[in-house]
Amino acid sequence: MSRTTTLLILVLALCTSLTQAAENIGGQISDAIVAKVDPSVVAIKHEKAGGSGFILTEDGYILSNGHVVRGSDEEDPTQPADSITVILSDERKFPARVIGFSTDPDVALLKIEAGTPLQPVELADSTQAQIGQPCFAVGTPLGLKRTFTSGILSSVDRATFGTFTTVLQTDAAINPGNSGGALFDQEGRVLGVNTYSSHGYNNLGFTIPIHVAMVLKDHFLKHGRFVRSDLPIANLSELYDELALAFGVQQGVLISYVMPGSFAWEAGLRDGDILAAVDGIPVRARTRAQLLDLNWALTIRPPGDPIQLIVLRGAPDKTKRIVIDTHLVETEPLPQVGWQAGELLQYRYECLGFGYQQLTDLSRLLRGCSAAEGVLITHIAKIGPIKKGDLKENDIITHVGGVPVSDIASFQTELEKHLAAQEKAVELQLVRGRVNKPIALAPYYDLKGLTVLLVSPDGGSKHLPLLRRELIADGAEVRVVTPSGGEVPLDEGRTISADAALDETDAEGVDILLVTGDSQDQSFWKDENVQDLAQAVYDQDGILAGVGSASLALVAGNPDLADTKMTLPKEFSAVAIEQGANYTGAEVETDGRVVTTTGFNRKTVRSFLKSLRRMGRNQK
Amino acid sequence: MTMVMPSIRMFRSLAGAALALSVGCGSLPQSEPVPPGRDLFMAMQVATAETADSVGPCLALVKRQSETSKKVTREIGGRMVQTRSSEPLPPINGIVLTPQGHVLVQKILEPDQDDRIEVCVGEEEYQARVIKVDKELGMTILKMDSDTFFEPIQWSGSGEVAIGEWVVVVTPSDEEKDFERFVTLGMCRGVEAGRYRNFKTSGISDSSEGAPAVNLDGEVVGIVKSGGLVSIADLREDLDLFLAEATGVRSPEEEERKKAWLGVATSAISKPYARLKGLPASGQWVHNVAHDSPAEAAGLQEGDLIVRVNGADLRFTGSRARAYFNQTLRPRKGVPFTLTVWRDGQEVDCSGVYEKKPELPELRAEDIGVSLTDFTAQTAFIRNLFSETGVLVTDVHKGSAAATGQQFGYGLLLKNDIIVELAGQATPDIETFSQVLDQVRREQPPVLLVKYIRGPVTGYAGLNLHIGARDNGGRK
């Protein structure tokens with residue numbers, strides 16, 4: 001090899017190694033940055049799953065995703081998981097409380113009491129994020145704590161993912177478990193909350209920009225939930241070039257649909273209007289990203305905010321300019337759609353085999369329901385007294401026993417009348433698409449012939465509505481008793497009058513004594529009336545049932561039940577043991593003719609009801 | 001308990017010998033005593049072989065030379081990819097119905113005139129084509145192209161099968177299996193109720209679907225379908241009608257055009273509700289009567305409960321009631337009907353004649369990229385459409401202006417959209433739509449505004465008519 005060639009090769013080798021060195025520096029995260037961010041990223045775990053989060057403030061506010069902290073109660077999607085633990089980067093563990101969460105945008109705010117100041121993150125300005133800028137994610141993918149992955153920002157306004165806002169897209173590895181963790185820029189400042197990744201494909205991770213998450217954080221602190229503003233129901237669409245040309249306008253936002261009779265309709269908006277300006281400022285949504293940004297700007301304004309819209313209406317050659325002065329209103333609770341888990345409660349009659357929900361305007365639109373008034377069927381159990389095909393999801397029940405029902409409260413009231421009378425079949429009228437037809441429901445009434453004395457504190461209790469309605473639907477005669485004998489609150493704003501006051505009640509004819517109190521309630525422990533009732537019902541071979549701390553009243557003072565296994569909420573276990581009760585700590589405990597439960601959540605109470613039903617049927 | 005015997009000829013000679021042995025007419029030395037019961041068993045085997053012979057010539061093996069496309073997951077370049085792989089269609093068992101060569105199969109065959117169908121009867125093969133399809137029966141009649149006279153199956157017996165009775169199923173074969181017939185011996189274990197009863201039989205395999213079943217007296221009792229035997233006794237009348245229509249028919253497309261209708265939208269009554277009100281539990285509620293339909297002419301009204309068809313009570317409940325009702329109706333042009341309905345507490349007879357269902361105009365708008373059709377008020381009712389007028393999109397052509405939307409994978413227009421306005425003008429029906437479209441073609445605007453209804457909401461699409469044009473970039 002000649003000297004020139006050797007020299008050339010050496011120079012080339014040097015250049016190559018220099019370039020490589022430069023690439024290494026670019027891809028590395030320096031020790032200083034790691035030390036800055038590592039202590040701020042936490043792991044979050046609850047009874048079903050978990051993910052990651054990061055510390056916002058010294059006193060322990062933590063940001064994560066909504067889907068990381070949400071519970072698994074199918075009937076109440078607004079409930080977070082029941083026991084959430086936050087594990088800091090130094091392995092210290094603390095129980096966490098959820099201040100608020102939303103599933104779209106997927107953000108949650110938690111609080112821990114660490115006792116010592118924590119290291120919060122520094123926030124970046126995510127509105128200035130640039131495509132191609134290096135970034136790195138920190139989280140707990142697949143349970144591997146404190147994992148750092150790096151990449152670039154692949155997109156800064158991804159609008160086609162189906163989320164409420166635009167999201168950042170990154171090729172830093174985001175895996176299950178990274179959810180809720182932070183995406184940092186090169187200086188270790190938070191760009192966003194890592195939320196989704198595409199499974200089965202490579203390097204497509206999506207992050208909610210931190211400026212969006214901060215808005216939600218403020219809402220959670222102030223209201224406990226995300227309060228959205230809207231002009232319901234007006235659908236906005238992007239006015240892409242062809243549409244703009246076809247409508248004969250330069251730019252704007254298309255109002256593609258306005259629900260007749262809705263607030264937006266009454267304000268004067270119509271299908272086909274072009275929104276040209278909001279509060280004097282011209283608006284445009286040529287792309288979906290621009291549309292989502294505009295929609296976001298409207299959503300985060302406070303409900304009641306006055307707003308002025310300028311719309312263009314009419315054929316291209318005779319366009320009229322219309323000024324509309326109106327205000328924003330709060331959106332109805334959202335039904336389940338897309339990434340949104342829903343904010344509507346679903347009520348279920350497990351023994352009847354169906355679940356139902358309030359029918360909102362948006363539900364109607366999404367499910368293509370008619371304009372009928374009634375309750376929306378959202379769940380049909382696979383087994384139950386409903387004959388196959390009689391009732392289906394998306395049906396609207398408009399009448400019960402010939403009486404029109406327009407909401408949950410009236411539906412439940414009417415239905416209960418027929419169930420309490422143990423009618424062989426209850427007539428229902430339903431609307432399915434355009435079809436209007438009558439059906440009948442023939443409940444099993446497994447507990448027919450049994451009388452249940454349902455004892456509750458004066459202010460009602462968390463599980464009282466559920467217990468009462470399931471027992472009535474099961475055919476039991478239910479008598480509600482409270483200390484004062486006055487009004488008792490149920491759900492959906494209903495109240496009923498107690499059948500009697502506690503001190504005027506005796507155990508005659510009672511087959512099941514069910515005492516219910518919230519976990520914090522201690523009013524029944526030492527109530528002599530309750531203890532006497534419990535003794536009397538037990539002596540006449542009845543069943544004793546307890547939910548929550550009230551369970552203690554059943555066994556206390558009765559020497560026959562000294563060894564009976566029972567359970568109640570964990571925080572009262574010491575008291576129970578002190579009183580000599582045989583506390584087991586199970587969620588539901590049955591022993592002979594005594595069934596008790598901690599009343600931890602709806603699932604536990606339903607499990608308790610199953611045991612109670614079994615015992616009741618054996619009793620008959 | 002299945003006994004599949006590979007060669008009937010061979011076996012028959014054996015059975016014959018065995019029978020001779022057991023009868024022992026004094027002509028053979030009784031060197032070996034026959035175990036008790038063995039002679040009965042032998043007799044049954046002979047009967048089996050003989051019945052098999054009786055229907056043998058009436059069997060047809062239908063082979064289609066089309067290829068199925070099967071999705072197969074293969075590894076290509078390190079990733080799992082789904083591709084399509086071709087396999088020839090499996091042969092179907094058929095029964096010869098007429099001397100002219102009509103063959104009945106227990107499948108709905110799409111009458112694709114490009115498919116080649118070969119039927120093997122005995123040792124000969126013939127070309128055949130699909131003549132008529134009956135969707136309610138789930139059967140197809142083919143006709144073989146040949147001047148030969150074929151032996152049709154005889155099903156003149158009572159066609160009843162008792163539980164515990166033995167039947168013989170005979171399936172055809174072709175030169176791959178050397179033209180031997182296959183015999184299966186099965187026992188009727190039970191009866192499944194329905195418009196056409198199904199005798200559940202042991203020993204029936206999926207491969208014998210469509211083959212005839214014969215009782216030990218040699219009478220055809222059923223056809224193998226759905227793991228059992230469909231009763232010939234129940235099928236006979238409808239099969240005769242099916243065949244009568246088929247023999248007069250030239251092509252299945254023609255048949256489709258002559259479809260008759262009744263014109264009601266119905267649903268089964270809720271059984272507990274029927275019990276509560278003392279109404280027949282098999283009734284069908286009438287939810288909608290189509291305008292200008294045989295049902296309207298017969299006087300049927302919304303809210304009626306249909307309880308009887310042509311004097312015969314409707315049967316079953318729920319979804320089976322609906323199937324029974326549809327199978328009983330069988331609209332045929334010019335055929336009279338009487339529906340008995342329950343109205344205002346009494347029974348009312350509604351009589352009429354089935355008519356041909358009116359065809360709705362269709363349009364294929366290539367430049368926009370959609371196929372459209374008019375729709376009736378009854379269609380709007382059944383499909384819960386949120387507009388009574390407009391044109392219904394039945395297809396969006398790939399690569400066209402309508403198919404190219406803002407988001408990848410979504411078109412500007414979708415199937416089942418109802419177009420209500422084109423270029424700012426109302427399009428309540430196909431005729432008006434065509435007129436507006438012609439105007440658009442003359443004016444050649446750069447974009448076309450379409451207003452449509454999708455589900456309950458309205459939407460707008462701006463179609464760029466340069467997209468989807470034949471020579472916009474592709475090779476000339």
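These numbers come from a predicted model, not from an experiment. Computed over heavy atoms, backbone and side chain alike; hydrogens, waters and symmetry mates excluded.
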Chain B heavy atoms under 4.5 Å from [X]: which part of the residue, side chain, backbone, both or neither?
{"X": "A/E423", "value": "neither"}
{"X": "A/I439", "value": "both"}
{"X": "A/K388", "value": "neither"}
{"X": "A/D271", "value": "both"}
{"X": "A/R288", "value": "side chain"}
{"X": "A/S237", "value": "neither"}
{"X": "A/A425", "value": "both"}

- Query: Can the ring centres of B/F316 and B/F325 be said to be less than 6.0 Å apart?
  - Reply: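 Not under 6.0 Å, so no.
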- Item | is_close_aromatic(A/W339, A/Y196), centroid dist under 6.0 Å | yes
- Message: Quick check for you: among B/A265, B/S319, B/A380, B/A268, which has the greatest number of heavy-atom pairs under 4.5 Å with chain A?
- Response: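 Ranked by contacts with chain A, first place is B/A380.
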Could you list the donor-acceptor pairs under 3.5 angstrom formed by side chains in residues 381-393 of chain B, with sequence neighbours left out?
{"unit_1": "B/R383", "atom_1": "NH2", "unit_2": "B/N416", "atom_2": "OD1", "d": "2.4"}
{"unit_1": "B/N384", "atom_1": "ND2", "unit_2": "A/G368", "atom_2": "O", "d": "3.1"}
{"unit_1": "B/S387", "atom_1": "OG", "unit_2": "B/T389", "atom_2": "N", "d": "3.3"}
{"unit_1": "B/S387", "atom_1": "OG", "unit_2": "B/T389", "atom_2": "O", "d": "2.5"}
{"unit_1": "B/E388", "atom_1": "OE2", "unit_2": "A/R434", "atom_2": "NH1", "d": "3.2"}
{"unit_1": "B/E388", "atom_1": "OE2", "unit_2": "A/R434", "atom_2": "NH2", "d": "3.0"}

- Message: Which atoms of B/P445 are under 4.5 Å from chain A, going by heavy atoms: the side chain, the backbone, both sets, or neither?
- Response: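 Neither part.
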With chain B as the partner, which of [options] has the greatest number of non-hydrogen pairs under 4.5 Å?
{"options": "A/N436, A/L243, A/L239", "result": "A/L243"}
{"options": "A/A315, A/P385, A/S256, A/G272", "result": "A/S256"}
{"options": "A/P438, A/G433, A/G389, A/C369", "result": "A/P438"}

Could you verify whether a donor N or O on one side chain and an acceptor N or O on the other, from [X] and [Y], lie under 3.5 Å apart?
{"X": "B/H287", "Y": "B/T266", "result": "no"}
{"X": "A/K437", "Y": "B/S267", "result": "yes"}
{"X": "B/E302", "Y": "B/N288", "result": "no"}

- Looking at A/E427 and B/R275, does any basic side-chain N land under 4.0 Å from a carboxylate oxygen?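 No.
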- Message: A/D241 vs A/R286, test: side-chain contact (heavy atoms from CB on, under 4.5 Å). Steps then yes/no.
- Response: CA-CA 7 Å; A/D241 291 340; A/R286 184 173 167 268; 2.7 Å; yes
